[in-house]
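Counting from 1, the numbers follow the sequence of the chain as shown.
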Amino acid sequence: MRTYYDLIPSQQNMYMLVKFSFHKEIVQIPASFSIEKDIDFDILKKALNIELERNDSLRLRFKKVDGEIKQYFLDEFKMDEVPIKIFSSDEEMDEYFSKDAVTPVHFLKNETFRIVFFERANGHKGVYLNCSHLAIDAMGMMVFFVDLLGVYKYLVNGGEEPKPLFKYEDYIISELEKSNDEKRLAKGQKFYQEYFAKGGEPFYAGVHGPELLLKERKKEKNPDLHVTKAAYAPFNDKAEVASYCISGDEAKKILDFCVKNNVAPETLFTFAMRTYCSAINFRTEDVFFNLMCSKRITYKDMRTGGCMAQTLQVRTIIPETNTFMQGLDEIFKVRTQLYRYLSFPFVYARGMLMKMYNHSTTQGVASFMFSWLPIPLDRLAEFKFDFKTYNLGRYFNPLYAICYPDPQSGGVMMHYMYRCKIVTPENVKSLHENMVKIILSGIENPDILIKDLLDAVER
């Protein structure tokens with residue numbers, strides 16, 4: 001008999017994007033992974049079918065039952081055929097996968113993912129996966145790629161089969177228990193009420209500057225307006241992607257600083273991004289952004305597929321009299337507070353914020369979304385590999401920055417997906433260049449005042 005489960009908070013977070021968008025592409029995650037090594041696609045197909053047994057998130061399916069989205073697991077699922085594409089150039093490959101990336105994965109029509117095996121013009125071979133974001137997040141995708149490669153090596157070389165993955169189904173059961181715990185929910189609600197109240201109504205400090213807000217203030221004849229409807233309007237959700245690579249030398253300085261000072265990379269990058277947003281928006285001390293974080297904390301979580309992503313609403317009120325290090329400490333403090341309530345559903349917290357300040361569904365206060373993807377370079381050290389994400393074509397947030405170590409250059413890759421009717425390529429370029437400048441200035445002089453960092457921002 002089939003067992004149905006409700007969506008867990010991480011999945012509710014993703015499904016919310018469907019409900020508030022005219023387009024469905026934004027709830028999938030397309031990426032390719034290739035290695036500098038010959039791969040036998042027949043053996044890889046065998047490895048994939050073993051992976052479908054090992055990784056139950058790939059057997060997850062969704063269905064509407066009495067008007068509600070439910071999920072269930074197939075007992076078994078095999079792929080008799082896997083498309084194989086041989087590309088004559090990287091441009092041809094990018095065009096092919098970019099077209100697939102904006103084609104909806106019909107997660108309510110028994111399609112959770114699409115897989116393609118491919119060979120690049122340089123001879124590298126790999127796997128492209130486009131999966132519903134309700135079933136897999138970015139780290140879940142890395143679990144898939146790394147485990148699939150481990151199974152392939154086992155089939156080719158023999159020896160010991162990779163340790164089994166843990167079941168995503170068990171994680172879903174645990175999360176549903178937590179999300180139905182009334183005492184836990186009450187604690188989360190109390191925290192967020194106090195958190196959102198501190199500092200009064202949050203301020204929208206967009207990466208594009210204050211022009212939209214000023215225009216709406218004039219239209220509404222309200223000089224105290226803190227948020228704008230235009231930045232999150234559903235009909236403005238067409239998206240483009242701009243990519244920049246931070247050089248190997250600069251990336252080494254940045255990551256060495258993080259290790260030496262026990263600073264998470266996302267803290268450093270988001271500090272720089274929010275400082276830039278402050279500089280171009282009346283030098284406001286109050287900058288609000290979203291952090292897409294993985295709830296994979298334990299070893300068991302790290303070896304479990306599926307979607308464990310949670311959006312954290314990070315409100316940073318940092319005086320410009322603070323130093324660079326004090327600013328990092330403040331973001332760390334806020335993130336630590338939010339991490340204590342990771343199981344409190346984002347949709348509840350967002351609803352509380354909207355009700356508290358009478359915001360509509362199209363009045364978002366987050367300047368940007370940020371996600372750090374810690375690619376497990378140590379576990380892939382024997383391979384020269386390439387990892388790439390693709391544009392979804394539509395997006396809910398004004399800008400989403402995805403950041404990860406780049407195995408090809410030794411640097412850090414930055415992908416900025418942005419609403420092209422709201423944010424311009426020039427806005428993105430200015431954000432990126434000033435972000436890097438702020439980070440390097442702070443690393444060289446940790447006692448530098450935020451005031452001086454603001455003064456040095458160039459538009």
Side-chain angles (χ1 to χ4, degrees), residues 198-215 217 223-228 231 242 244 246 250 253-254 257-258 261 263-291 313-335 365-370 397-399 401 403 412 414 416 418 422-459:
K198 186 178 180 180
E201 184 179 9
F203 180 79
Y204 175 75
V207 299
H208 45 73
E211 287 79 9
L212 286 178
L213 184 61
L214 291 173
K215 187 176 180 180
R217 281 178 172 180
D224 296 322
L225 199 66
H226 279 215
V227 296
T228 171
Y244 295 92
I246 299 173
E250 291 178 338
K253 289 180 183 178
I254 291 170
F257 173 85
C258 289
N261 294 276
V263 173
E266 55 260 50
T267 294
L268 189 59
F269 283 97
T270 54
F271 167 80
M273 291 177 71
R274 63 84 54 205
T275 300
Y276 171 76
C277 290
S278 170
I280 66 172
N281 288 277
F282 316 116
R283 294 175 75 120
T284 176
E285 296 180 351
D286 185 5
V287 179
F288 193 110
F289 62 87
N290 288 332
L291 181 65
Q313 301 176 88
V314 186
R315 186 176 190 183
T316 56
I317 303 175
I318 306 177
E320 56 183 77
T321 52
N322 280 14
T323 66
F324 171 78
M325 287 303 296
Q326 287 173 327
L328 295 181
D329 288 343
E330 176 61 24
I331 291 182
F332 172 75
K333 184 177 76 173
V334 173
R335 284 180 59 243
V365 294
S367 305
F368 58 86
M369 172 94 81
F370 181 87
N397 287 280
L399 180 138
C403 178
V412 169
M414 299 288 305
Y416 299 95
Y418 61 96
I422 303 298
V423 179
T424 67
E426 292 74 23
N427 293 150
V428 179
K429 186 172 186 288
S430 180
L431 166 67
H432 177 80
E433 290 177 349
N434 280 283
M435 176 195 72
V436 175
K437 183 179 175 182
I438 288 168
I439 290 173
L440 294 177
S441 296
I443 287 173
E444 291 169 7
N445 180 13
D447 292 325
I448 190 172
L449 295 178
I450 292 175
K451 173 185 180 300
D452 297 325
L453 295 173
L454 296 172
D455 289 341
V457 165
E458 299 176 7
R459 284 198 72 179

If we count only N and O atoms by modelled type, under 3.5 Å, do the side chains of Ser441 and Asn445 hold a donor and an acceptor together?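 Distance-only check fails for Ser441 and Asn445.
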So [Y] and [X], do their side chains get closer than 4.5 Å, heavy atoms only?
| X | Y | value |
| --- | --- | --- |
| Ile254 | Pro265 | no |
| Thr321 | Glu285 | no |
| Ile438 | Val457 | yes |
| Lys333 | Asp329 | no |
| Phe324 | Asn322 | no |
| Arg335 | Thr267 | yes |
| His208 | Thr424 | no |
| Ile317 | Phe288 | no |

Atom [atom1] of [X] and atom [atom2] of [Y]: how far apart are they, to the nearest 0.5 Å?
| X | Y | atom1 | atom2 | value |
| --- | --- | --- | --- | --- |
| Ile318 | Thr284 | CD1 | OG1 | 11.0 Å |
| Ile443 | Asn261 | CD1 | CG | 9.0 Å |
| Met435 | Thr270 | CE | OG1 | 10.5 Å |
| Glu201 | Asp286 | CD | CG | 10.0 Å |
| Met273 | Ser278 | CE | OG | 14.0 Å |
| Leu440 | Lys253 | CG | NZ | 6.5 Å |

Can you name the closest pair of heavy atoms from [X] and [Y] and give their distance?
| X | Y | result |
| --- | --- | --- |
| Ser367 | Cys277 | CB-SG, 4.1 Å |
| Asn281 | Gly206 | ND2-O, 2.9 Å |
| Val287 | Ala205 | CG2-CB, 4.3 Å |
| Cys403 | Val412 | SG-CG1, 3.4 Å |
| Val207 | Leu431 | CG1-CD2, 4.2 Å |
| Ala242 | Tyr418 | N-CE2, 3.9 Å |

Check this for me: Phe257, atom CZ, are more than 12 non-hydrogen atoms of other residues, nucleotides or ligands nearer than 6.0 Å?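 Atom CZ in Phe257 is crowded, with more than 12 foreign heavy atoms closer than 6.0 Å.
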So with a 6.0 Å cut-off around NZ of Lys437, is the heavy-atom count from everything else above 12?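 Atom NZ in Lys437 is crowded, with more than 12 foreign heavy atoms closer than 6.0 Å.
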Stepwise, does the salt bridge (Lys or Arg N to Asp or Glu O under 4.0 Å) test hold for Asp455 with Lys451? CA-CA 6 Å; Asp455 289 341; Lys451 173 185 180 300; 3.2 Å; yes
If you apply the rule side-chain contact (heavy atoms from CB on, under 4.5 Å), what do you find for Asn290 with Phe370, and how did you get there? CA-CA 6 Å; Asn290 288 332; Phe370 181 87; over 6 Å; no
For the backbone of [Y] and the side chain of [X], can you confirm whether one donor and one acceptor N or O come within less than 3.5 Å of each other?
| X | Y | value |
| --- | --- | --- |
| Asn427 | Val423 | no |
| Gln326 | Thr323 | yes |
| Arg315 | Lys198 | yes |
| Thr275 | Phe271 | yes |

So, applying side-chain contact (heavy atoms from CB on, under 4.5 Å) with Glu266, which one of Leu291, Ile331, Val314 is it?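 Of Leu291, Ile331, Val314, side-chain contact (heavy atoms from CB on, under 4.5 Å) with Glu266 is met by Leu291 alone.
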Quick one, Tyr416 with Phe368, criterion side-chain contact (heavy atoms from CB on, under 4.5 Å). Give me CA distance, side-chain angles, the key distance, then yes/no. CA-CA 10 Å; Tyr416 299 95; Phe368 58 86; over 6 Å; no
Among all residues two or more places apart in sequence or in another chain, which pass the side-chain hydrogen bond (donor to acceptor under 3.5 Å, both in side chains) test with Glu320?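 Applying side-chain hydrogen bond (donor to acceptor under 3.5 Å, both in side chains) to Glu320 gives Arg283.
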Under 6.0 Å between ring centres, would you say that holds for Tyr204 and His226?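 Here the rings of His226 and Tyr204 have centres that are no less than 6.0 Å from each other.
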Can you list the steps and then say if Phe203 with Leu225 is a side-chain contact (heavy atoms from CB on, under 4.5 Å)? CA-CA 9 Å; Phe203 180 79; Leu225 199 66; over 6 Å; no
Do Thr316 and Phe289 pass the side-chain contact (heavy atoms from CB on, under 4.5 Å) test, and can you show the C-alpha distance, the side-chain angles, and the key distance before you say yes or no? CA-CA 8 Å; Thr316 56; Phe289 62 87; 3.8 Å; yes
For Glu433 and Lys429, run salt bridge (Lys or Arg N to Asp or Glu O under 4.0 Å): C-alpha distance rounded to whole Å, both residues' side-chain angles, the deciding distance at 0.1 Å, then the answer. CA-CA 6 Å; Glu433 290 177 349; Lys429 186 172 186 288; 2.7 Å; yes
